[in-house]
Amino acid sequence: MVVFSYYIINSISGYLYRDERVNVSTTANMISSFAGEYFGEDNQTVDQSIDGLLETLKVDEQARILLINKDSAVLFDSQHNPDIIGKAQVKQSVITALGGKEGYEEYKNSEDGTLVLDASVPINHGGAIIGAVNVTYTSNKINTFVNEITRDIALLFVVIFFLVGLIIFLVVSLITRRIVDFTKKITDMSDGVLDEKLEVKGHDEIAQLGEAFNNMSEKLALLEEKRLQFVSDASHELKTPLSSIKLIADSIMQTPDIDMDYLHEFLNDMVGEVNRLNRIVNKLLYITKMDSVSNADVRNFELLNLKTMVGDIVKNLRPLAEYSNIEMVLDAPEDVFTMADKDRLWQGIYNICDNAIKYTREYGKVEITLSAAGTEAVVSVRDNGVGLTAEDREKIFDRFYRVDKARARATGGTGLGLSIALSAVQMHGGRIEVDSELNMGSEFRIILPLMDNA
Ligand code: ADP
């Protein structure tokens, strides 16, 4: 604004000065064309009635007119100052005019520093130069104008400065108030209040920050809820075998002359429960280990041929299938490559194949097919076993969820196998799809990105 105002004031005053210069010079020329008539023969006097001429010509009263003879002596002063009459004027412009040319100069007034425009024009009479007209004009008007406009602009600056300052202050305090509020809520949250919500107003960056925070706190609260649920489920699952063990031990203690065969049977049951406890604890340890690694941790990923992996899993499970007279068919004609953490992915696919055998009746059939479709690899595990209702299909990936607890006990199920499989597949950027019909069988499809897309 300062630069802009300086430029504007400068160009306006420049324009006004140009106008005044022309005025001064025109006035001097005009007077010079009449002034010769008023000079005395001796070139030492001027008829003072020239005042009337100046009035007729409407010469600006602020302009001072001097008539000077050819010896540079002042013969007439429009301001009628007797002190300078008869005195020599040796100004540059006058010297130039007496030399026959129009003289012009500008200088600062020594008293108040205002600009003086000074023009002198020769007076010709009877073919000779008899003197000169000198016009001086102090451009008070322009000076006053420039001063006034400068003062107005300065005032405007002060007003704008305070207004802008006030607006900035209000906006900043509005923003900081929200940030202070956010900080308090975040501090509360770090103290354990997980369901804190920020009040989000508007759509600016701070509002977006608030929304992101609210999303995060919602997720954290959900996570905490899941964690508590997991701890409670895990304790419950561990309690059941422990109660059985305690019951068996009590029975043994309360029977002093216990038959050796009975004792054997009791101990056998006890070992079964201890094995079960062992299985649950091992799976829980495995889950905690998996949860502690971020999903994006791809450091252990290596190039892996799914054909080899699926073939090995089938080889591993074949004895179990044969034990229940279940036919196991593998269809993996082609190499299919993906990037994977071998142990994790093995565990995921293994759990699903293991389930297909566990939840298929004797003389059933389990078919495992590997194929590549577009950018994805698909491992399909199909059985003609017990199948699932639509309702159960939704829940089977939840930790500790088992459709038929009694059957699960018989098969050694813990309800953790599918949740382990799902996180294993998801950590590889994949997903699991399930088609199933009760008593008809199920198909689990493990879908993984192919090597180039992994
Ligand atoms: P579990 O250790 O009990 O097998 P999972 O998490 O592996 O636990 O499976 C959860 C439940 O899903 C099982 O208890 C079972 O009821 C059901 N389920 C899993 N796979 C199949 C399948 N192929 N056919 C029918 N039900 C299945």
Side-chain angles (χ1 to χ4, degrees), residues 226 229-230 233-234 236-241 272-273 275-291 310 313-314 316-318 320-321 323-330 344-369 378-427 430-447:
K226 275 193 175 170
Q229 184 66 41
F230 179 64
D233 287 349
H236 183 79
E237 291 300 320
L238 294 172
K239 226 172 95 188
T240 323
E273 292 300 331
N275 283 341
R276 185 171 154 67
L277 261 180
N278 212 13
R279 269 199 311 278
I280 296 176
V281 169
N282 278 341
K283 285 196 177 168
L284 282 177
L285 285 176
Y286 188 80
I287 285 178
T288 352
K289 203 170 98 190
M290 280 223 310
D291 282 356
V310 173
I313 290 174
V314 169
N316 234 275
L317 284 171
R318 208 175 276 286
L320 188 71
Y323 181 78
S324 304
N325 291 312
I326 291 169
E327 183 190 356
M328 221 182 170
V329 183
L330 170 66
R344 295 272 161 81
L345 194 59
W346 167 285
Q347 192 64 55
I349 299 177
Y350 181 93
N351 285 359
I352 288 175
C353 297
D354 183 35
N355 277 352
I357 299 168
K358 273 196 308 195
Y359 300 103
T360 297
R361 300 180 191 93
E362 236 187 325
Y363 302 109
K365 186 178 182 185
V366 172
E367 279 176 271
I368 296 160
T369 319
V378 183
V379 181
S380 152
V381 182
R382 194 205 300 256
D383 65 63
N384 59 359
V386 297
L388 290 156
T389 60
E391 195 190 331
D392 285 330
R393 215 162 48 221
E394 300 287 310
K395 298 183 187 152
I396 48 174
F397 291 99
D398 293 350
R399 285 169 182 179
F400 298 112
Y401 186 80
R402 284 160 301 178
V403 175
D404 177 349
K405 299 227 172 196
R407 188 184 161 85
R409 275 177 83 82
T411 55
T414 55
L416 294 172
L418 282 182
S419 93
I420 291 175
L422 183 64
S423 22
V425 171
Q426 279 175 344
M427 96 176 249
R431 60 186 192 279
I432 299 177
E433 292 175 354
V434 186
D435 284 336
S436 183
E437 209 173 313
L438 197 61
N439 294 323
M440 300 298 286
S442 319
E443 181 186 3
F444 284 71
R445 279 186 304 279
I446 302 155
I447 298 164

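In this text, all values refer to a predicted model and were calculated from it rather than measured experimentally. Atoms within a ligand are numbered from 1 in the order they appear, just like the ligands themselves.
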Quick one: does [X] get an N or O within less than 3.5 Å of an N or O on ligand 1?
X: Gly417; value: yes
X: Val386; value: no
X: Val403; value: yes
X: Gly415; value: yes
X: Asn355; value: yes
X: Ser419; value: no

Look at Arg382 together with Asp435 and state whether they make a salt bridge at an N to O cut-off of under 4.0 Å.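 So Arg382 does not pair with Asp435 through a salt bridge.
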What part of Thr360, side chain, backbone, both or neither, has a heavy atom within less than 4.0 angstrom of ligand 1?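 The answer is neither; Thr360 stays 4.0 Å or more away.
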Ligand 1 versus Ile352, non-hydrogen atoms closer than 4.0 Å: side chain, backbone, both, neither?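 Neither part.
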Can you list the atoms of ligand 1 that are under 4.0 Å from a heavy atom of Leu416?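 What qualifies from ligand 1 is 6 (O), 8 (O).
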Relative to the heavy atoms of Tyr401, which atoms of ligand 1 are at a distance of less than 4.0 Å?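 Atoms satisfying the 4.0 Å criterion: 10 (C), 11 (C).
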Should we count CD of Glu391 as having more than 12 external heavy atoms under 6.0 Å?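 It does not: Glu391 CD has 12 such atoms or fewer within range.
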Measure the SG-CZ distance between Cys353 and Phe444 for me, rounded to the nearest 0.5 Å.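 Result: 11.0 Å between the selected atoms.
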Determine the minimum heavy-atom distance between Ile357 and Ile326, stating which atoms define it.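 For Ile357 versus Ile326, the nearest heavy atoms are O-CD1, 3.6 Å.
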How close do Ile287 and Ser419 get, heavy atom to heavy atom, and via which atoms?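 Heavy atoms only, the tightest pair is CD1-OG, 4.0 Å.
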Hey, does [X] sit under 4.0 Å from ligand 1 if you only count heavy atoms?
X: Thr414; answer: yes
X: Phe444; answer: yes
X: Lys358; answer: yes

Looking only at atom types and distance, does a side-chain atom of [X] sit under 3.5 Å from a main-chain N or O of [Y], one as donor and one as acceptor?
X: Asn384; Y: Lys365; result: yes
X: Asp383; Y: Val366; result: no
X: Ser442; Y: Glu437; result: no

Nearest neighbour of atom 24 (N) of ligand 1 from the list Ala356, Ser442, Ser436, Cys353, on a heavy-atom basis: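 Among Ala356, Ser442, Ser436, Cys353, the closest heavy atom to atom 24 (N) of ligand 1 comes from Ser442.
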Short side-chain donor-acceptor distance under 3.5 Å, Glu237 and Thr414: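 Note: Thr414 and Glu237 side chains miss the donor-acceptor criterion.
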